[in-house]
Structures are given as C-alpha cells and as structure tokens.
There are 2 protein chains.
Amino acid sequence: MTLTLVGLGLGAVEDITLRGWKAIQNADAVLLEIYTSALIDSSLQDLESFIGKSIEQADRISVEECADKILEEARVKNVVLLVAGDPLSATTHCDLCLRAENAGVNVEVIHNASIINAIGRTGMQLYRFGEVVSIPFFETNWSPDSFYDKIVKNMEANLHTLCLLDIKVRERSIENLMHNRMIFEPPRYMSVNIAIDQIFQIDDMKHRIPSNTRAIGVARLGSKTAKIAAGTLKELKEIDFGEPLHSMVICAPQLHDIEEEKFKHYGI
Amino acid sequence: MTLTLVGLGLGAVEDITLRGWKAIQNADAVLLEIYTSALIDSSLQDLESFIGKSIEQADRISVEECADKILEEARVKNVVLLVAGDPLSATTHCDLCLRAENAGVNVEVIHNASIINAIGRTGMQLYRFGEVVSIPFFETNWSPDSFYDKIVKNMEANLHTLCLLDIKVRERSIENLMHNRMIFEPPRYMSVNIAIDQIFQIDDMKHRIPSNTRAIGVARLGSKTAKIAAGTLKELKEIDFGEPLHSMVICAPQLHDIEEEKFKHYGI
C-alpha cells in the first residue's frame with residue numbers, strides 16, 4: 001500500500017502523465033490538494049469524470065494538521081494525492097513525504113511540469129534565474145519585504161527572478177482562528193497588478209527597483225487561455241491579465257539575444 | 001500543420017503526458033532530440049514500439065544547423081520533436097521555437113518534468129536554489145571555471161546550486177570538424193566523480209569550496225534505478241553512482257530542518 005503524490009502539470013486533465021494516470025487507476029482513495037496551487041483549465045468535476053473516481057479536496061488543515069490520517073490510510077490503501085504542477089515544488093509536500101518515510105509508509109512521487117520550469121516559455125533562459133521569490137499579500141501592519149531584497153540581489157547579479165504570487169484558499173481570519181471557527185475567507189489569488197503595486201510600495205522607501213525595470217507577466221501558463229505580456233513594471237501594472245493563476249518574471253538588466261527577441265515578441 | 005515540442009519527462013516512456021501522447025498520434029513525423037539530454041529507462045526501440053511509429057534521431061547538427069529543414073517540413077506536416085525532460089530547459093529549443101515563430105510556422109510546446117524541478121526529490125527546497133550551473137568536461141588547455149565562481153556566490157548567499165553535468169553525444173573532434181568529416185566521438189556523460197574532481201582542480205587555486213562542503217549526488221533521477229546519496233564532496237567523490245545521467249546539488253551552508261532530515265536520510 002502506497003502514498004503516491006501525482007503532479008497534474010499546468011493546464012487541463014490531459015496534462016497528467018501516463019504513469020500518474022495508472023497510479024490513479026490503482027488508487028483506493030484520491031485527494032486533490034487545493035491550497036498551494038490550482039487547476040486552470042479543469043474543474044474538480046472535469047477531473048472526476050475524466051478519471052472515473054470521486055475526489056476529496058484537501059486543504060492546508062487536512063494535509064498539514066491531519067497528515068497522520070492520510071498516512072494511516074496509506075498503510076492499508078493506495079492513496080493518491082493530486083497536486084497541480086509538480087508535487088515537490090511546495091515545502092508542505094516534501095514534509096509529508098518525510099513524515100511518511102519516517103512512519104514507514106511507502107511513498108512514490110510522480111513528477112510533472114511546474115511553473116519553475118515552464119516559465120522557460122517566456123523565452124528567459126532557465127539557467128539565468130536566481131533565487132525564486134514568493135510575494136505575499138500585504139495585510140494591515142504586515143508588509144514583509146524580503147522578496148524585494150532578493151529581486152535586487154538577482155538584478156545585481158544580472159539574473160532573472162521568478163515571482164510566485166500569493167494564493168489564499170480556505171484561510172481563516174485571525175478572529176475565526178482564535179475562536180476555532182471553521183469559517184473560511186473567500187479565495188484570493190494575487191494578480192500581476194497587485195504584485196507590482198506592492199513592489200512599488202516598498203520601492204517608495206528603498207529606491208532599488210525603478211518603474212522602468214523590464215518584466216514579463218504570465219497568466220494561466222500552460223492553459224489554452226495563457227497570456228504572456230512583456231514591458232516595464234509601470235506598463236504591466238495597467239494590463240489586465242484576467243483570471244488566476246498569475247506569476248511574473250523580473251528580467252535581468254541585460255538580456256541575451258534570444259531573450260531580447262522573445263521579450264519583443266511578447267511586448268505590449 | 002504544426003511543430004510540437006513534446007517533453008518526455010525523466011524516466012520511462014510512460015512519463016509522457018496524455019497531451020503529448022495525443023500530439024504523437026497526430027504526427028506525420030517524429031524526431032527525438034539526443035544531444036541535450038537522454039532517456040534513462042527506455043531505449044529508442046521501446047519508445048518506437050510504445051508509440052507505434054518510427055522515430056528519427058536528431059543530433060545537434062540536425063536541430064541547429066538544419067533547423068530550416070525541420071521548419072519547412074512543419075509547414076506541410078505535423079512534426080513532433082521529442083525531448084527528454086522539459087522541451088524549453090535547453091536554449092537550443094527556445095531558439096528553434098523563435099525561428100519557427102519568425103518563419104510563421106505554428107509551434108506548440110508540451111511541458112513535462114525536468115531536472116530543474118524534479119531535483120526537489122533530494123529534499124532541498126526549490127525556492128532555495130540560486131543560479132543553475134553547467135559543468136563542462138575539461139579539455140587539454142581548456143578548463144573554464146565560471147561555474148566554480150557561481151557555486152561560491154550561491155554558497156555565500158546560503159543557496160543551493162544545481163550542477164548540470166556535461167553530455168557529449170555525436171560530437172566531432174576538432175580535427176574531424178576542420179576536415180568536415182562526419183566521424184563522431186563515442187558519447188560521454190560526466191559522472192558526479194569527475195564533476196567533483198574538476199571542482200577540486202579549480203579549488204587548488206581558488207580555495208573557496210572546501211572538500212567537506214556538503215553535496216548530494218543524483219543519478220538517473222525519476223527512473224527505477226535512481227540513486228541519491230548525500231555527503232561531503234570528498235565522500236561523494238568515491239561513490240559509484242552507476243550509469244548516466246548524473247547531476248549534483250552543492251548544498252547551501254545552512255540547511256532548514258526538513259532539508260537537514262532529508263540530507264541524513266540520503267546520507268552515505
């Protein structure tokens with residue numbers, strides 16, 4: 001009996017690998033992780049009818065706080081945890097694998113494309129990316145700015161920065177958390193526009209990322225409705241990228257020839 | 001009519017996505033790129049019998065120098081170019097896409113897992129990797145050492161480094177190149193051991209990467225015979241990782257808790 005983490009890739013149900021498909025066919029229980037990423041071109045119902053099995057949605061609480069329940073189940077059943085993108089791109093799933101190994105539960109991982117490599121679609125070369133940053137939603141009295149410094153550092157080293165934008169699904173307000181009420185906030189997905197606005201907010205104090213810095217906004221990468229637009233931060237801030245998920249590349253100050261051509265190709 | 005670049009993922013034929021499989025079924029011609037990466041668990045024959053079509057092997061010359069031939073073919077036929085891993089992880093395929101776009105040829109890209117994201121398997125967190133480096137085979141009078149400086153820079157920023165190790169397939173000696181003779185050297189794939197030896201050669205002059213630096217050697221990632229071993233560079237240099245493909249992570253000086261546990265898990 002095995003816990004198998006299956007990457008779904010980036011867009012629709014058919015982005016699953018044949019190996020992943022087989023694992024699902026052999027599964028006694030199928031969970032879909034919904035809090036680190038999201039399916040773009042397919043709904044839960046699409047996925048269920050495609051695989052011919054019912055799927056239980058797993059939020060942060062079920063995967064992190066109730067991991068033991070998943071592991072106990074995987075001792076006696078084949079349990080598949082579906083994850084949009086690649087299963088090991090998020091720390092939380094690495095942690096789950098580690099717990100499973102420590103508990104003597106068989107674990108398998110079936111990899112797939114994720115934003116980390118598919119961002120090559122922008123034309124920016126993968127070997128020219130520095131550290132990835134995550135941009136979190138600013139809250140009242142909480143505007144963490146470590147991502148800003150990392151972008152600056154990458155720019156100084158003439159490297160691109162992949163910015164992953166915040167996802168808040170089935171999160172509880174502090175008040176509801178304190179009262180242990182299972183009341184969830186509506187899902188929020190950060191847009192390219194908000195990400196740039198937050199960068200500018202920090203830039204008002206730090207003055208290291210000028211508004212004419214070149215960047216590439218990316219929406220729904222890998223899906224039929226994917227949108228890629230290149231321009232300055234100031235320009236991209238005004239572009240409507242549509243539905244989630246969004247991400248962004250802050251370009252290295254100097255682009256190589258192919259990168260320069262691709263930048264123009266996606267230019268707004 | 002379309003040129004479709006299909007990522008094969010990391011291990012065996014069943015790592016292809018359903019979308020990739022469909023593209024192959026609709027293809028009039030199928031090429032397999034053999035010079036930036038390689039299939040691990042499957043031979044060309046396995047792949048041919050699996051997809052039920054014959055496959056033409058494409059080396060650097062056919063893809064780079066004879067790109068126009070591929071593009072001309074894609075005007076009148078559905079041409080699929082299969083690439084181990086993800087199709088856009090190598091510059092050469094980005095270049096091919098760009099040429100196709102400029103020539104008005106339809107291009108589609110079907111992503112898959114690549115070493116760039118599957119390296120998460122080591123337990124090292126993807127968001128803690130700095131710039132990727134490629135370690136080339138040293139030749140007589142040619143020992144480029146820019147990769148060494150990049151590793152040092154990542155270490156100073158407390159980031160991991162993914163080291164991609166050189167692959168030489170259907171390369172010609174300088175003499176044969178000069179005489180335009182189509183005589184190819186036997187394929188060479190750099191092992192973890194050679195990579196470490198080359199790092200040590202540079203370290204004899206630069207003294208920035210001590211032999212007790214922690215690293216993780218990875219062989220045949222994603223395949224049935226995958227091997228992951230963690231230790232100091234000095235220790236890993238003596239480990240036999242077996243058949244290609246190999247790669248290596250030079251760890252950040254400080255590991256997080258989960259990383260530390262995974263390092264121990266793979267410890268030699």
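- With sequence neighbours excluded, no residue forms a side-chain hydrogen bond (donor to acceptor under 3.5 Å, both in side chains) with A:Thr2.
- Contacts with chain B were tallied for A:Asn102, A:Asp95, A:Leu10, A:Ile16; A:Ile16 has the most, counting heavy-atom pairs under 4.5 Å.
- Residue pairs satisfying the side chain to side chain donor-acceptor pair (under 3.5 Å) criterion with at least one member in residues 11-20 of chain B, sequence neighbours excluded, are listed as follows: A:Asp15-B:Arg19, A:Arg19-B:Asp15, A:Lys22-B:Glu14.
- Among residues two or more places apart in sequence or in another chain, the side-chain contact (heavy atoms from CB on, under 4.5 Å) test is passed with B:Phe147 by B:Val133, B:Ile135, B:Pro136, B:Phe138, B:Ile151, B:Ile199, B:Ile202.
- Contact annotation: the side chain of A:Thr122 never approaches that of A:Glu259 to less than 4.5 Å [non-hydrogen atoms, C-beta and beyond].
- You'll find the side chain of B:Glu64 reaches within 4.5 Å of the side chain of B:Thr92, heavy atoms only.
- In this structure, A:Arg214 pairs ionically with A:Glu260, as a charged nitrogen and a carboxylate oxygen lie closer than 4.0 Å.
- Looking at A:Asp145 and A:Lys206, a side-chain N of the basic residue comes within less than 4.0 Å of a carboxylate O on the acidic one, giving a salt bridge.
- Only the backbone of B:Phe129 comes within less than 4.5 Å of a heavy atom of chain A; no side-chain atom from C-beta onward does.
- Close approach to chain A, defined as a heavy atom under 4.5 Å from one of its heavy atoms, is seen in B:Lys153, B:Ala157, B:Leu159 of residues 152-168 of chain B, taken by number.
- One finds no salt bridge joining B:Glu65 and B:Arg60 here, because no Lys/Arg side-chain nitrogen approaches an Asp/Glu carboxylate oxygen to under 4.0 Å.
- In this structure, the portion of A:Glu101 lying under 4.5 Å from any heavy atom of chain B is its side chain and not its backbone.
- Using a 4.5 Å heavy-atom threshold, the side chains of B:Tyr189 and B:His246 count as separate.
- Cation-pi geometry between B:Arg208 and B:Tyr148 is not met: the NZ or CZ atom fails to fall both under 6.0 Å from the ring centre and inside 45° of the normal.
- Ranked by heavy-atom pairs under 4.5 Å with chain B, the first of A:Val132, A:Asn112, A:Leu88 is A:Asn112.
- Both the backbone and the side chain of A:Glu131 come within less than 4.5 Å of a heavy atom in chain B.
- Your options are B:Cys94, B:Gly120, B:Ala118, and the one with the most heavy-atom pairs under 4.5 Å with chain A is B:Ala118.
- Interface check for chain A: of the options B:Leu98, B:Ile116, B:Asp257, the most heavy-atom pairs under 4.5 Å are formed by B:Leu98.
- Between chain A and the residues B:Asn117, B:Ile119, B:Ile258, B:Leu126, the most heavy-atom pairs under 4.5 angstrom are made by B:Asn117.
- Counting heavy-atom pairs closer than 4.5 Å to chain A, the top residue among B:Gly11, B:Cys97, B:Ser114 is B:Ser114.
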